[in-house]
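Source: prediction; values computed, not measured. Residue numbering restarts at 1 for every chain, and letters A, B, ... go by the order of the sequence lines.
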Amino acid sequence: MKKNGIVLRFLQRPSAVIGLTILALQVIAVIFAPWIVPYSPIEANPLVSLEAPSVAHWLGTDVSGMDIFSRIVYATRINLLISITAVIVAFVIGVPLGLLIGYYRGLLSATVMRLFDFIQSFPVFVLGMALVSVMGQEIWNVAIVLAVLFIPMFARLIRAEVLSLRERPFISAARCSGATDLSIMFRHILPNAMTPAIVQISISIGMAILLTAGLSFVGAGVRMPTPEWGLMVSIGAQQMILGVWWVALFPGLAIVLAVLCFALLGDAAREVADPTARRR
Amino acid sequence: MTLIQYWRVLPRPLRIIAGRLVMIVPQMFGVMLVTFLLVRLLPGDPALLMLGNMATEEQIISLREKLGLNLSLYDQFIQYAGNVLHGDLGVSPFTSNPVAVDLLERAPATLELITYAMLLTILIGVTLAVISVVRPRGPIDYGSRVYGLAAGAIPDFWVGLLLIYFFFYVLGWAPAPFGRVDAMVTPPPTVTGFYTIDSLLAGDFAAFFSALGRLLLPVLTLAIVNAGALMKMTKTVFADAYRSEFIRHQRACGLSERTIVRSALRNSLPPIITLVGFLFGFLLGAAVLVETIFSWGGLGQYAVQAVINSDYPALQGFVLVAAAFILVVYLIVDILYELADPRIKV
Amino acid sequence: MSKTMSANQETPLLVVQNLSVQFDGADRPALDNVSFGLRRNEVLGIVGETGSGKSVLARALMNLLSENGRITAGDVLLDNQSILGMDDAELRRLRGGRLALIGTNAKALLDPVETVGSQIVRVLRAHRGGSKRTAWREAVDMLGKVGIVNPERRARAYPHELSGGMAQRVVIAMAMITSPQVVLADDATLGLDATIQVQVLDLLVNRCRELGLGAIVITHDLGIVAHFCDKVAIMREGRIVEIGPVGKFLSGPTQVYSSELLDAAKVRPTPIVSKTPEQTTGVKSATLLDVANLVKHFPIPGTNEVVRAVDDVSFSLARGETLALVGESGSGKTTIGQCLVRLLTTTSGRVTFDGDDLIGMSEREFRQHRRRIQMVFQEPYVALNPRWPVASLIGEPLALLSATESVDKAKRVRELLDAVQLPARLVDAYPHELTAGEQKRVGIARALATRPDFVVFDEPTTALDIRVRAQIIDLVRELQTEMGLSALFITHDLNSVRSLAHFVSVMRHGKILEYGPTETIFASPQEEYTKTLLKAELPIEQSQAQRERGEKRLTGAMR
C-alpha cells in the first residue's frame with residue numbers, strides 16, 4: 001500500500017517496461033517530430049507516387065507521393081492529443097459525477113443514470129460517427145465526442161465502487177467517529193474507489209486511439225491532408241487489393257503499437273493494484 | 001395491492017419477460033430523444049443541410065413546415081416521435097427513397113454478417129477461455145494471453161485489409177471483396193434475407209457456396225478482433241467460478257472433471273450472456289468499418305455513405321435503428337440472464 | 001466385510017504416517033510429520049488456531065491440496081490402501097465415496113444455480129451410477145434423514161432459498177449419501193447459531209455412530225470437542241502437539257500449549273464489579289441510558305409489509321454498568337446497537353442519554369454527542385479503512401473533540417495504543433498488515449479515543465482464535481474497571497457474557513424475552529427459549545454419557 005512500493009512493483013512487470021518503452025518512443029515522436037522526419041508530412045509530390053519502401057522513403061510513399069514515415073511520426077501528435085485529451089476530460093468529469101450519483105441516491109442521480117443508459121444504448125462507434133458528422137469534422141470535435149462517450153464509462157465505474165463501498169462497515173465506523181459526508185466521500189470512499197478508474201484511463205486511451213482511427217477511416221474523423229493513422233490506412237485501402245501493401249500496413253502498425261502500449265500499461269497497473277489478479 | 005397478488009402467481013419466466021417488456025417503452029423513448037437531439041446539434045438550418053445546396057426556396061420552406069421547425073422544440077419532438085412510431089423516418093435526399101425502405105432493404109445483409117460473426121466469436125472466445133483456465137500455464141493459456149492482448153490492440157479495418165491482401169491478392173484463396181455474392185451468381189429469392197439460408201431454401205448451391213465464400217473474410221475479421229475481448233472477459237468470469245468454493249467441494253465429492261467444468265460454465269453463463277449482449281453493440285459498430293472494406297451493401301455502408309454525403313435523415317434513421325436493435329438485444333439478454341440465474345428476484 | 005468386523009478394534013480404519021506438506025514460497029511446512037490413527041466408530045477432534053494446518057490436513061487426507069501445495073513425506077492409508085498411490089479414477093471414487101468432506105459455510109459449498117436435490121443426485125450417480133429417478137428418491141430420503149422437514153419440496157429448492165443450518169444439513173446429506181467410511185467435518189458449524197450448531201453436530205455424530213463410521217471433527221471450539229469427540233489432537237504450526245482421549249486431555253493436558261488453550265477457553269470466573277463513586281458511597285448509581293419502546297421496522301421491497309427487526313424494546317443502563325444483549329442471528333440485537341449510535345433511523349420510541357433525547361435531535365446536534373457514545377464494530381478488518389494507517393484510524397475520532405479540549409493528537413494516539421496493549425511501532429501499519437486480534441484492538445482504541453461514557457460492543461469476540469478471544473475479553477474487563485465504562489454488549493457468545501456483563505437481556509424476534517443479573521439468568525433461566533440457548537452453549541467438560549463411552553472404549557481397547 002505504500003506509495004514507492006507500488007511504483008517499484010509496477011516497474012518490475014515486463015508489461016509495464018514494454019509499455020513504457022513504446023510510450024517513450026511516442027513521446028519522442030511527439031516532441032521532436034520536425035527534427036526527425038525527412039519530408040513534409042502534408043506536401044504532395046506526384047513524382048514519387050506509390051513508391052515502395054527504399055532508402056529515400058523508408059516506409060514508402062502513398063498515392064499522392066507523401067512520405068509515409070514522416071506522416072506516421074507527425075500523426076502521433078494528432079492521435080495522442082485527441083485520445084489523451086478526451087480521456088482526461090472524461091475522467092475529470094466522470095469521476096466526481098460517479099461519486100455524487102453513487103453517494104446521493106435521489107431523483108437527480110436516477111435521472112443521470114437514465115441519461116447514461118440512453119447514451120450507452122447506442123453502439124459507441126455509431127454514435128461517435130453520427131455526432132462528429134453533425135458537429136463538423138474537426139480535430140477538437142472528435143475529442144469532445146470521445147469525451148462524451150467516455151464520461152458514462154468512468155462515472156458508472158466509480159458509481160459501482162461507491163455503491164458497494166458505502167455499505168461497508170468501515171463507512172459506518174467512520175460515521176460513528178464523527179466523519180462528515182464530505183469527509184466520508186472524499187477521504188474514505190474516493191481513495192478506495194479510484195483504482196479501477198485509474199486502470200481504466202490507460203485502457204480508454206487505447207480505445208480512443210482505435211475509435212479516432214476508425215472514424216477517420218470511414219471519413220467521419222479528421223480530413224486530409226492532416227496526418228492521422230486511420231486516415232492513412234484508408235488511403236492505402238484501395239491499393240491493398242492491388243498488392244500495394246505498405247501504404248496501409250505501416251500506419252496500421254503504428255495504431256497497434258500505440259494501443260498495445262496503453263493496454264500493457266493498464267494491465268500492469270491492474271495487476272499491481274489488485275494482487276488477486278496475479279494468481280490468474 | 002390485488003395487482004401485486006396477480007403478479008405473484010404468474011410463473012417466473014412470464015414475470016421476467018413482462019417486467020422487461022414494460023421497461024423497453026421508456027428506453028425507446030429516451031433513444032428517440034437522443035436521435036432527435038442529434039440532428040438539432042447541426043449548426044445552421046437543418047432544412048437547408050438536409051436538402052443540400054441544390055434546394056430551392058420552396059423546398060426549404062415546405063421541409064421546414066414538414067419538419068415542424070417553426071414549432072417549439074417540445075412540439076417538434078412530439079411530431080418526430082409520432083412519425084417514427086408510424087414508421088416514417090423521412091426521405092433520403094441522396095437515394096430519394098424513404099429512409100425506412102432503404103434501411104429495411106439493407107438490414108438482412110448486416111444481420112447475416114453479424115450473426116455469423118457472433119457465432120464464431122462465441123465459439124473461439126469461450127473455448128479458449130475454458131481451456132486456458134482448466135489447463136493453466138499450458139500452451140493454450142499462454143497463447144490466449146498474447147492473443148487477448150493483441151486482439152484488443154488491432155483495428156478491425158486493418159485486419160480486414162491484411163486478410164484481403166494475403167487471402168485474395170497473395171494466395172488467391174478468398175473471393176474478391178466486393179459484395180455478398182459473386183457478380184456472376186444471381187442472389188437467391190428473398191425469404192429471410194440471409195443469402196446462405198435463402199439459397200439453401202431455393203436449392204441453389206452455387207449461390208450458397210458463393211455467399212459462404214464471400215462471408216468468410218468479413219466474418220473472420222470481426223471474429224478475430226472481438227473474440228479476444230470476449231475471451232478475456234469470459235476467462236475472468238469462468239476462472240472465478242472454476243476456483244470457487246462450491247467447485248472445490250464438487251471435486252472433494254469425487255465428481256468427474258467434465259461435470260465440474262460444465263457446472264462452472266453453467267454458473268458463468270449469466271455474465272457471459274451479458275458480455276455477448278455488449279458484443280452485439282461492438283459488432284454493429286465494427287460492421288460499419290468492415291462493410292466499407294468489403295463493399296457489403298448493408299446498413300453500415302449505408303451509414304458511411306450518409307456521413308460522406310451529409311445525408312442527415314439517413315444518418316438519423318440509421319442511428320435510431322441501431323439503437324433500437326441494441327435495445328432489443330439487451331432486452332433478450334436481460335431476460336436470458338434472469339432465466340439463467342435463479343437467485344434473481346423478479 | 002463381515003470378517004473384518006471382529007477385527008475392528010485392532011486395525012485402524014485410517015492411518016496417517018509422518019505426513020508433511022509444503023506450500024510453494026512458505027518458509028515452514030504447512031504440515032510437519034503428522035501421525036495418527038482413526039478407528040471405526042471413533043470421533044477424533046482436531047483443534048488448532050488459525051494457521052495451525054488443520055484445514056490443510058483435511059485436504060491432504062483426500063490428496064486434494066491446492067496447486068501450489070505438495071505432500072513431501074509420509075503416507076495416508078485407508079483400509080491399508082495408500083491414498084497417495086491412487087490414480088485419478090481411484091481418487092475420484094475415494095473422494096466423496098469413501099472419504100467425505102463437510103466444509104465450512106455450507107451455502108458457499110453448494111452450486112447456486114442447481115437445486116439441492118439434483119446436486120445430491122449428481123454426487124450419488126458419480127459414485128454409484130443408477131437412474132436419475134431412483135437417485136432422486138434416495139436423495140429425498142437422505143434429506144429426510146438429516147432432519148429436513150418436507151424433503152420432497154426442499155429438494156427442489158435452490159441453495160439461496162435455504163437457511164444456513166438447512167444448507168449445512170444438505171451438505172451433510174451429500175456426504176452421507178454414498179455411505180462413506182470416514183467423514184471429515186472441517187469447521188462444519190462455524191457461523192451457525194449455537195442452537196443450530198448443536199442440532200447439526202448431534203445429527204452428524206449420531207449418524208456416524210449408527211453406521212459405525214470414523215469421523216474427524218476439525219474445530220477451534222473445545223466445547224465441541226468435549227461434547228462430541230472421543231479423542232482429541234491439538235495442532236500448532238503444522239504439528240500435532242498432543243493427542244489422546246478427551247477425558248484425559250480435559251483433566252490435565254500434558255503440554256504447555258494445550259493447557260494454555262484450555263485455560264483461554266474457560267470462563268473468566270467473576271463478573272467484574274466496577275466501583276463507580278456512587279456505588280462505593282452506597283448511593284444507587286444514576287441512569288445513563290434509557291431506552292423506551294424502541295421500534296425499528298425495515299420495509300420489504302416490493303410489498304407494503306415490514307420486518308419488525310426491533311419490536312417495542314425497553315431497557316436502561318446505569319453509569320459503570322454493562323448490559324449484554326444476547327440472542328441468535330436475526331433477533332434484532334445488532335439493529336438496536338445501530339439505532340443507539342444513529343447509524344439507523346429509529347421507527348419509533350425514545351432513547352434518553354444522560355437526560356438528552358437522542359432520537360429527536362438533529363444530525364448536527366447529535367454530532368455533539370458522538371464523542372460520548374461510541375461503537376466497536378463486529379468484523380475488525382472490514383470496519384477499518386484499508387488505506388489508512390493505524391495512526392490516522394485511531395486519530396480520526398479526535399476531530400469530534402471541540403477546540404478547547406483539543407489534544408496533542410500524536411500523544412493521544414500513543415496513549416490509546418498503550419491502553420489497548422498494542423506496540424507503538426504499529427502506528428504506521430495498515431490494517432491488512434495486522435492480525436485479527438490487533439485489528440480488533442485498533443477498533444477498540446478508535447472507540448475509546450474520545451473518552452466516551454458509553455460504548456456499544458458489537459460481537460467483540462466472534463471469529464477470533466481461542467487465545468486472542470481470551471485476551472480481548474481480559475482487555476475489555478480491564479477497561480471496564482479502569483475507565484468506569486458503561487457498555488452495551490451485543491453477542492451470541494454466552495461464554496464471554498459471563499465474563500463481561502452485569503446484566504443480561506435475552507432477545508428473540510425483536511423482543512426482549514428475559515432480563516436479569518447475569519448470575520441469575522445463567523443459574524435459573526425462566527423462559528423456555530433462554531433454557532434452550534443456555535443448553536446449546538457447550539461447556540468444556542464431558543457429559544456423563546460421553547465419559548462412560550470413553551471408559552468403555554478404554555477397557556475395550558485393553559481387552
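With hydrogens and angles ignored, the 3.5 Å screen pairs a side-chain donor or acceptor of C/H127 with a backbone N or O of B/C253.
Across all non-hydrogen atoms, the minimal contact from B/G254 to C/A126 is O-CB, 4.2 Å. For the residue pair C/R95 and B/R251, the shortest heavy atom distance occurs at CD-O, 3.6 Å.
Put simply, NE2 on B/H249 and CG on C/L64 are 10.5 Å apart, with the number rounded to the nearest 0.5 Å. Distance check, rounded to the nearest 0.5 Å: CD of B/E257 to CG of C/D88 gives 9.0 Å. Between C/D111 atom CG and B/T259 atom OG1 the span is 11.5 Å, to the nearest 0.5 Å. Atom CZ of residue B/R266 and atom CD of residue C/E114 lie 6.5 Å apart, to the nearest 0.5 angstrom. Rounding to the nearest 0.5 Å places CD of B/E245 at 15.0 Å from NZ of C/K107.
Using a 4.5 Å heavy-atom cutoff, the side chains of B/R248 and C/L109 are not in contact.
No part of B/A241 comes within reach of chain C, as not one of its non-hydrogen atoms sits under 4.5 angstrom from that chain. In this structure, no portion of C/A100 lies under 4.5 Å from any heavy atom of chain B. For a residue to count as touching a neighbouring chain, one of its non-hydrogen atoms must lie under 4.5 Å from one of that chain's; by this rule C/R93 does not touch chain B.
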